[in-house]
Amino acid sequence: MTKPSLNVKDLHVSIEDKEILKGFGIDVKGGEIHAIMGPNGTGKSTLASALMGHPNYEVTSGEATFNGDDLFEMEVDERARAGLFLAMQYPSEVSGVTNADFIRSAMNADREEGDQVSLMQFIRKIDEKMGTLEIDQSFQHRYLNEGFSGGEKKRNEILQLLMLEPKMAILDEIDSGLDIDALKVVAKGINQLRTDDFGCMIITHYQRLLNYIEPDYVHVMMQGRIVKSGGPELAQKLEEQGYDWIKEELGIEDETVGQE
Ligand SMILES: Nc1ncnc2c1ncn2[C@@H]1O[C@H](COP(=O)(O)OP(=O)(O)O)[C@@H](O)[C@H]1O
Ligand SMILES: [Mg+2]
């Protein structure tokens, strides 16, 4: 089986005519975990939203392919059905749809009629994954993300990840709002998926999650593109020294600090 691959080249994306991504490129293959780090407002969430096809984000030039297919030619649901998964920085609350129903219909969305996940299979799997993530069973029957705390929403995103088993995941600030125990649980969940058939982009402001999930590559994003790449040691250096040394090294004047 060929490994999944996500290839992004010289991507430019604007929001309301303001260019946010300015030549972003990355290649992620199955078996690889890439960490994308960078100051607030540098375009990390914009990248995630643009790749998933959020309508507010206009791709003005550049390319993105998923397993060789032009991502921007695919409908949003097609991208998900092809195995691309996004855990959003700010997951939406959906009233009237229970968590279990939501996950089960997402699992069945890419399956043929005769091949749907049975209720028994589903229950067995969700019980197991909720156990792994230490999520209380009552969360199955609550409306999606409604009234969930920040940390509960993040754990729930990882529950969806473990249930759907996508080929490629983009996890946007999955560690924000998690205490150290929850962080370890989330890392355990992600590490369970590490095979050649799964690639992952972990977008994070902080290095601490990377203590529990060792990335193969670390990229620093500034002003809408990757300005430096390395291994896990790069994340360590950012944790100790911040981003200023990179700005100096590259002669970047001032990174505009926007909203997170
Ligand atoms: N929906 C939006 N409308 C207008 N500006 C936006 C919107 N989303 C993001 N931005 C702006 O785009 C820039 C990048 O934001 P974002 O991608 O969220 O950065 P990061 O995730 O790296 O913190 C910021 O200046 C932010 O204010
Ligand atoms: Mg963000």
Side-chain angles (χ1 to χ4, degrees), residues 6 8-26 28 33-62 64 71-72 76 79 84-93 145 148-151 153-158 160-161 168-178 183 186 190 200-210 213 215 217-230 234-235 238-239 242-247 250 252-260:
L6 177 67
V8 182
K9 221 163 94 184
D10 197 23
L11 187 63
H12 291 251
V13 170
S14 295
I15 309 169
E16 292 164 3
D17 291 333
K18 184 179 164 212
E19 186 167 71
I20 307 292
L21 292 191
K22 301 167 185 168
F24 183 95
I26 198 167
V28 183
I33 292 193
H34 292 245
I36 299 182
M37 303 182 71
N40 286 340
T42 204
K44 302 184 298 298
S45 295
T46 300
L47 171 72
S49 297
L51 292 179
M52 287 313 288
H54 192 294
N56 291 1
Y57 298 80
E58 189 197 352
V59 177
T60 53
S61 66
L71 201 59
F72 301 131
V76 174
R79 301 180 202 201
L84 192 61
F85 177 94
L86 171 65
M88 284 187 291
Q89 180 168 3
Y90 303 109
S92 327
E93 302 191 1
N145 287 319
F148 288 21
S149 73
K153 284 182 185 170
K154 297 292 173 178
R155 268 189 221 217
N156 206 52
E157 293 288 292
I158 299 302
Q160 292 168 22
L161 179 74
M168 186 70 62
I170 303 169
L171 309 178
D172 192 4
E173 308 283 355
I174 198 70
D175 48 337
S176 73
L178 296 183
L183 197 69
V186 159
I190 296 166
C200 186
M201 248 194 254
I202 295 181
I203 296 173
T204 178
H205 188 71
Y206 299 104
Q207 183 269 348
R208 55 179 203 150
L209 178 64
L210 307 178
I213 304 172
Y217 303 93
V218 173
H219 309 278
V220 180
M221 188 168 170
M222 277 184 192
Q223 300 183 333
R225 60 182 199 282
I226 289 174
V227 295
K228 200 172 188 63
S229 297
L234 180 55
L238 291 171
E239 179 74 0
Y243 291 96
D244 285 351
W245 63 277
I246 299 185
K247 291 181 202 167
L250 299 168
I252 293 173
E253 282 285 304
D254 184 36
E255 173 72 13
T256 25
V257 179
Q259 68 196 54
E260 197 175 326

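First listed ligand is number 1; within each ligand, the first listed atom is number 1. Computed from a prediction, not measured in an experiment: that's the story for all the values here.
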K.L.:
With sequence neighbours excluded, tell me which residues meet ring-ring contact (aromatic ring centres under 6.0 Å, His included) with H34.
P.N.:
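With sequence neighbours excluded, H34 shows a ring-ring contact (aromatic ring centres under 6.0 Å, His included) to Y217, H219, given in chain and number order.
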K.L.:
Which of the numbered atoms in ligand 1 are below 4.0 angstrom from a heavy atom of K18?
P.N.:
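Reading through ligand 1 atom by atom, the close ones are 25 (O).
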K.L.:
Quick one, I252 and I246 - any side-chain contact, counting heavy atoms below 4.5 Å?
P.N.:
no
K.L.:
I'd like to know if the side chain of K154 reaches the main chain of A87, judged simply by a donor and an acceptor atom lying under 3.5 Å from each other, with no hydrogens or angles considered.
P.N.:
no
K.L.:
Report, one line per pair, each donor and acceptor closer than 3.5 Å where one atom sits in a side chain of residues 14-24; sequence neighbours left out.
P.N.:
residue : atom : partner : partner atom : Å
E19     : OE2  : H12     : ND1          : 2.9

K.L.:
Does I15 approach ligand 1 within less than 4.0 angstrom via side chain, backbone, both or neither, non-hydrogen atoms only?
P.N.:
side chain
K.L.:
Are any of the N or O atoms of N56 closer than 3.5 Å to those of ligand 1?
P.N.:
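Between N56 and ligand 1 (N or O atoms, distance only) the closest approach is not under 3.5 Å.
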K.L.:
Between the main-chain N or O of R208 and the side-chain N or O of E239, is there a donor-acceptor pair closer than 3.5 Å?
P.N.:
no
K.L.:
Which heavy atom of A235 sits nearest to which heavy atom of M37, and what is that distance?
P.N.:
CB-SD, 3.8 Å
K.L.:
Is there a nitrogen or oxygen of I20 sitting under 3.5 Å from a nitrogen or oxygen of ligand 1?
P.N.:
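No, no N or O pair falls under 3.5 Å.
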K.L.:
Tell me if a side-chain donor or acceptor on N145 pairs with a main-chain N or O of S92 at a distance below 3.5 Å.
P.N.:
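Between the backbone of S92 and the side chain of N145 there is a qualifying donor-acceptor contact (under 3.5 Å).
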K.L.:
Quick check on the Mg ion (ligand 2): does S45 put an N/O/S atom closer than 2.8 Å to it?
P.N.:
yes
K.L.:
Using heavy atoms and a threshold below 4.0 Å, how should the contact between Y57 and ligand 1 be classified: side chain, backbone, both, or neither?
P.N.:
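It is the side chain that touches ligand 1; the backbone stays farther off.
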K.L.:
Out of all atoms in ligand 1, which are within 4.0 Å of some heavy atom of K44? Include the element for each.
P.N.:
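Taking each heavy atom of K44 in turn, ligand 1 has 17 (O), 19 (O), 20 (P), 21 (O), 22 (O), 23 (O) under 4.0 Å.
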K.L.:
Once you restrict to heavy atoms under 4.0 Å, what part of E173 touches ligand 1? Side chain, backbone, both or neither.
P.N.:
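Contact part for E173 vs ligand 1: neither.
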K.L.:
From the Mg ion (ligand 2) out to just under 2.8 Å, does an N/O/S atom of T46 turn up?
P.N.:
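Given the 2.8 Å cut-off, T46 does not count as a ligand of the Mg ion (ligand 2).
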K.L.:
Do any heavy atoms of G41 fall under 4.0 Å from ligand 1?
P.N.:
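Per 4.0 Å heavy-atom rule, G41 contacts ligand 1.
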K.L.:
Distance-only, no hydrogens or angles: does the K44 side chain make a donor-acceptor pair with backbone N or O of P39 under 3.5 Å?
P.N.:
yes
K.L.:
Just jot down the ligand 1 atoms closer than 4.0 angstrom to any heavy atom of T42, in number order.
P.N.:
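Those of ligand 1 that fall under 4.0 Å from T42 are 19 (O), 20 (P), 22 (O).
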K.L.:
What are the two closest heavy atoms between T60 and V13, and how far apart are they?
P.N.:
OG1-N, 4.2 Å
K.L.:
Would N40 count as a polar contact of ligand 1, with the cut-off being nitrogen or oxygen pairs under 3.5 Å?
P.N.:
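So ligand 1 has no N or O lying under 3.5 Å from an N or O of N40.
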K.L.:
Relative to the heavy atoms of T46, which atoms of ligand 1 are at a distance of less than 4.0 Å?
P.N.:
14 (C), 15 (O), 16 (P), 17 (O)
